[in-house]
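Have a look at the structure below, then the notes.
So that the names make sense, note that chain A is the first sequence line, chain B the second, and so on, each numbered from 1.
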2 protein chains.
Amino acid sequence: MTPASYIVLGLLERYGPGSTYDLKRRAAQALGNFWSTAHSQLYRTAETLAKDGLLDPTTESTPGGRERIVYRLTPMGRKRLAQWRAQEENELAELRDPGLLKLYFGADPAALAPAQAAAHRRQLQAYEQRKHEDDGAEPRGPWLTLEAGIAHERVWVRYWEGLAATTDP
Amino acid sequence: MTPASYIVLGLLERYGPGSTYDLKRRAAQALGNFWSTAHSQLYRTAETLAKDGLLDPTTESTPGGRERIVYRLTPMGRKRLAQWRAQEENELAELRDPGLLKLYFGADPAALAPAQAAAHRRQLQAYEQRKHEDDGAEPRGPWLTLEAGIAHERVWVRYWEGLAATTDP
DNA sequence: TGAAGCATGTAATTTGTTACATGATTGG
DNA sequence: CCAATCATGTAACAAATTACATGCTTCA
């Protein structure tokens, strides 16, 4: 069980049964840039989970006559997800920022900082807009997560802008 | 060329020639919890880089009579590293925090937050101590990176403590 | 002198990414 | 009705993690 497994389980629980393509869209929309996964990975993960009895796959045809596999959580899958959720978490996230890595190994801040600051400003705006659009109807988790994203983007913006300022003029 | 490649190149540039084991130690010490890599990965990466002519491997014997391979940067390796450093970076880091993922998918904040807050407090302390020990002799990159780490840990601590407070009693 | 842990490496397995394919739908 | 793009998937490849293995050192 990797994080990707729980993403699949979680998305199915929250938004109901769906095809892998649905999962892909949901993941992009919901987790967005806080935890991305390639769609081919979702395929494999879903298959594996189905093989393990955590998902129940059924083949349906679309209006267009194409077939697709729709997955739904089995009781076991539901249970597994709940267990994970209840488990205390002790892993810490790593920063793993490619820009920061460059900086660490001696990149010139003046060259790096402006672009990074701009990118993070964009991301921050996107998150803030999303928070604005939130109508409070969704469960609490996504909103809390958004908050975290915003807080971090703010720090990044401040950080890189600071770096740009001290080296620029 | 993956991030791991540049880590190997960068560590060799900064601390001079060394065996893979040296690299492992350096990586753990220097990059620590901001970008971790398994030691077996360093082995493979170093091999590949040597095969590509970016590193020059020489077999030496330790006092104990064991053999080990010491790598040093070739001019090409040096150049490649410099190129990477000069390249503008446009990738953004993802948060990818396992705790946050749980929260997203509905974990109970009251159960999650205290442990997370504590873990981040520890990490913050470690970073701050390190900053304290810095004598300014090292190049600027590591110090700047430390700053970033501290800023982020502060945000995390505030975040999880806030969550713990609002849900607790 | 035996156990713990440091130093050194390899192999197997799992994950993750990139690239390729191709039928359906829709907007121009 | 053609091009773009959505929907759906597979295959090949690259990277990362886990597990295994084992000779040295050191310290009790």
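- Taking atom CD on B:Glu67 and atom P on C:dT8, their separation rounds to 12 Å, with Å as the unit.
- Rounded to whole angstrom, the span from the OH atom of A:Tyr43 across to the P atom of D:dT8 amounts to 7 Å.
- Mapping A:Ala38 and A:Ser5 onto DNA chain C by nearest heavy atom places A:Ser5 closer to the 5' end of the strand.
- Nearest nucleotide to the side chain of B:Ile69, out of C:dG9, D:dA19, C:dT17: C:dG9.
- Of all nucleotides listed (D:dA15, C:dG9, C:dT15), D:dA15 comes nearest to the side chain of B:Thr2.
- A salt bridge links B:Arg25 to B:Asp22: at least one charged side-chain nitrogen sits closer than 4.0 Å to a carboxylate oxygen.
- Look at CZ on A:Arg25: it is 13 Å from P on D:dG9, rounded to the nearest Å.
- The distance between atom CG of A:Leu42 and atom C1' of C:dT17, rounded to the nearest whole Å, is 13 Å.
- Taking the six-membered ring where tryptophan is involved, the planes of A:Trp156 and B:His152 are tilted, since the angle between them lies from 30° to 60°.
- At a cut-off of 3.5 angstrom, counting only N and O atoms as typed in the model, there is a donor on one side and an acceptor on the other between the side-chain of B:Arg44 and the base of D:dA16.
- In this structure, CZ of A:Arg26 is placed 12 Å from P of D:dT8, rounded to the nearest angstrom.
- As rounded to whole Å, 10 Å separates atom P of D:dG9 from atom NE2 of A:His39.
- Neither OP1 nor OP2 of D:dT8 sits under 4.0 Å from any side-chain N or O of A:Tyr21.
- Contact annotation: B:Gln41 side-chain N/O to D:dA15 OP1/OP2 distance is not under 4.0 Å.
- A donor-acceptor contact under 3.5 Å is formed by the side chain of A:Ser40 with the base of C:dT18.
- Taking atom CE on B:Met1 and atom P on D:dA15, their separation rounds to 10 Å, with Å as the unit.
- Distance A:Glu60 CD to D:dT8 P: 11 Å, rounded to the nearest Å.
- Between A:Glu91 and B:Lys102 no salt bridge is recorded (no basic side-chain N to carboxylate O distance below 4.0 Å).
- Both A:Arg68 and B:Ser36 lie close to DNA chain D; mapped to their nearest nucleotides by heavy-atom distance, the more 5′-ward contact belongs to A:Arg68.
- Salt bridge absent: A:Arg80 and A:Glu13 never bring a charged side-chain N and a carboxylate O closer than 4.0 Å.
- For C:dT8, the OP1/OP2 oxygens have a side-chain nitrogen or oxygen of B:Ser19 closer than 4.0 Å.
- Listed candidates were C:dT18, C:dT10, C:dT8. Nearest to the side chain of B:Lys24 is C:dT8.
- B:Tyr104 and A:Phe34 have tilted rings, their planes meeting at an angle from 30° to 60° on a 0 to 90° scale.
- Each of A:Thr37 and B:Glu47 has a nearest nucleotide on DNA chain C; the 5'-most of these lies closest to B:Glu47.
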